[in-house]
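See structure below.
So you know, we letter chains A, B, ... as the sequences are listed, proteins then strands, and number each from 1. These values consider heavy atoms only, across backbone and side chains, with no hydrogens, waters or symmetry-generated copies.
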There are 2 protein chains.
Amino acid sequence: MTKAREAALEILRNADEPQTAAAVFQQAGNSCDLATVYRTLHYLEKHGYAESFVLYCNEHGTERYYTALSSGNSGSSAHRHWFHCEGCHRFIEIGNCTVNSLAKEFEIEHNLSVSRHILYFIGRCSDCR
Amino acid sequence: MTKAREAALEILRNADEPQTAAAVFQQAGNSCDLATVYRTLHYLEKHGYAESFVLYCNEHGTERYYTALSSGNSGSSAHRHWFHCEGCHRFIEIGNCTVNSLAKEFEIEHNLSVSRHILYFIGRCSDCR
DNA sequence: CCTTCTTTGCAAATGACTTGCATTTTCAGC
DNA sequence: GCTGAAAATGCAAGTCATTTGCAAAGAAGG
Ligand SMILES: [Mn+2]
Ligand SMILES: [Mn+2]
Ligand SMILES: [Zn+2]
Ligand SMILES: [Zn+2]
C-alpha cells in the first residue's frame with residue numbers, strides 16, 4: 001500500500017457518495033498525477049478495496065464512479081447501489097441490495113455464473129423535482 | 001422518420017442483443033455516416049423507440065448499447081435487462097424486470113422520482129465458464 | 001420553382017482514460 | 001544502513017467512443 005493508494009482509499013472512505021477519478025484527483029490536492037489516480041483506482045478495485053460503475057449523465061457525460069468497499073478481507077459491507085439526481089447530480093444510497101437473489105435464480109436457470117451486477121436509479125431528488 | 005432512422009430502428013428490432021453505434025453503422029452497410037448513426041440513435045431514444053445503457057467491458061471498453069423498445073405508442077414491452085458474458089461478449093436477456101417495485105418504494109421513502117434505472121449482470125455464460 | 005426547416009456528410013474537436021518511457025520509491029536481503 | 005531488483009510515479013503523447021461546426025442535400029408547403 002503506497003502513499004498515493006492510501007490517500008485515494010481514504011478519500012473514497014470519507015466520501016458519502018461515489019467519486020470520479022477527477023474528483024479524487026482534486027481532493028488529493030493534485031498531490032499526484034491524474035494518471036496515477038487512475039492506476040491507483042484500478043489497483044484498489046482489483047484488490048477489493050473499492051468498486052466502480054459507469055454512469056452516463058447529460059451534464060457530465062460518461063464517467064466511472066468509485067466507492068470504497070469496507071476492507072477487502074475483514075469488513076463485511078455488501079456492495080451498494082445508488083440513485084443519481086439529474087438535477088443536482090448528487091447520489092443517494094439505495095438500501096439493501098436485493099439483486100443477488102435474482103442473480104442466483106438467473107445463474108441456475110441458465111447454468112452460468114454472474115460475477116457482479118450493476119444497478120442504479122436515475123431521477124430527480126426531493127429538492128430538484 | 002427518415003430513411004436512416006428507419007434503417008437503424010429496423011436493425012435494433014431485428015437484433016437479439018443490444019447493439020453499439022459501431023455495430024449499427026456496420027450493419028447499415030456504411031450507408032450513412034457514423035455521426036448520423038449517433039444522431040439517429042439519440043433521436044430514437046429521445047422519442048421512445050429505443051433505450052440504452054453504458055457498459056464497461058475489459059475487452060471493448062466503455063460503450064453505449066441500444067435496444068429497440070416496441071413502438072413508442074402502441075406496443076407494450078417493458079424495458080429489458082441483460083447479462084453480459086466476459087468470455088464471448090454475448091448478451092442474454094434477463095427475465096421480467098423486478099426493479100420497478102424497488103424503485104417505487106425508494107421514491108416514497110425519499111420523496112423523489114425515479115425516471116429510469118439501469119441493471120445488468122456481468123459474468124460468464126455456460127459456454128465460457 | 002422558391003423558401004424554410006431538417007437532416008446528413010465530412011472533418012475537426014472533445015474528453016475520459018490509457019500507455020510508453022525515463023525517473024523515483026519501495027523493500028527484501030545482505 | 002546499503003544495494004539492486006521490482007514496483008510505482010510523473011509527464012507527455014496516444015487512443016477511442018462520441019460530439020460538433022459547417023456547408024451541402026432533402027423534405028415540406030405554398
Ligand atoms: Mn450527473
Ligand atoms: Mn464485452
Ligand atoms: Zn437533486
Ligand atoms: Zn460466453
Separation of atom CG in A:D33 from atom P in C:dT23, rounded to whole Å: 16 Å
Verdict with reasoning, B:H117 to B:H79, per side chain to side chain donor-acceptor pair (under 3.5 Å): CA-CA 10 Å; B:H117 62 258; B:H79 74 163; 3.1 Å; yes
Protein-nucleotide distance (B:E45, atom CD; D:dT18, atom P), rounded to Å: 12 Å
Atom pair distance, as rounded to whole Å: CG in B:N58 and P in C:dT18: 10 Å
5' precedence on DNA chain C between B:T40 and A:A35 (nearest-nucleotide basis): B:T40
Helical bend (five base pairs per end, nearest 10°) for the helix from C:dC1-D:dG30 to C:dC30-D:dG1: 30°
Minimum side-chain heavy-atom gap B:F83-A:V114 below 4.5 Å: yes
Atom pairs, protein N/O to nucleotides 15-17 of chain C N/O, distance under 3.5 Å:
residue, atom, partner, partner atom, Å
C:dC17, OP1, A:R64, N, 2.9
C:dC17, OP2, A:Y38, OH, 2.9

Rounded distance (Å) that lies between atom C1' of C:dC27 and atom NZ of A:K3: 15 Å
Mutual orientation of the aromatic rings belonging to B:F53 and B:Y65 [parallel < 30°, tilted 30-60°, perpendicular > 60°]: parallel
Nucleotide D:dA17, atom P - distance to OH of B:Y56 in whole Å: 13 Å
Test item: B:Y120 side-chain N/O and B:V54 main-chain N/O as donor-acceptor pair under 3.5 Å: yes
CA sep, side-chain torsions, deciding dist, call: A:R124, A:E86, salt bridge (Lys or Arg N to Asp or Glu O under 4.0 Å): CA-CA 6 Å; A:R124 301 206 147 243; A:E86 286 183 316; 5.2 Å; no
Rounded interatomic separation in angstrom, taking CG from A:L41 and C1' from D:dT9: 15 Å
More than 12 heavy atoms from other groups under 6.0 Å of CG on B:N30: yes
Minimum-distance nucleotide to A:R39 side chain [options: C:dT8, C:dC10, C:dG20]: C:dG20
B:E107 vs B:S113, side chain to side chain donor-acceptor pair (under 3.5 Å): CA-CA, chis, key distance, verdict: CA-CA 5 Å; B:E107 286 185 318; B:S113 70; 5.2 Å; no
Value in whole Å for how far the C1' atom of D:dT19 lies from CD of A:E59: 16 Å
B:H89 and B:E59 side chains, donor-acceptor separation under 3.5 Å: yes
Polar atom pairs (N or O), protein with nucleotides 4-8 of chain D, under 3.5 Å:
residue, atom, partner, partner atom, Å
D:dA8, OP1, A:R5, NH1, 2.6
D:dA8, OP1, A:R5, NH2, 2.7

Distance in angstrom units between B:F25 CZ and C:dC10 C1', rounded: 12 Å
Quiz item: cation-pi between B:R116 and A:F121, 6.0 Å / 45°: no
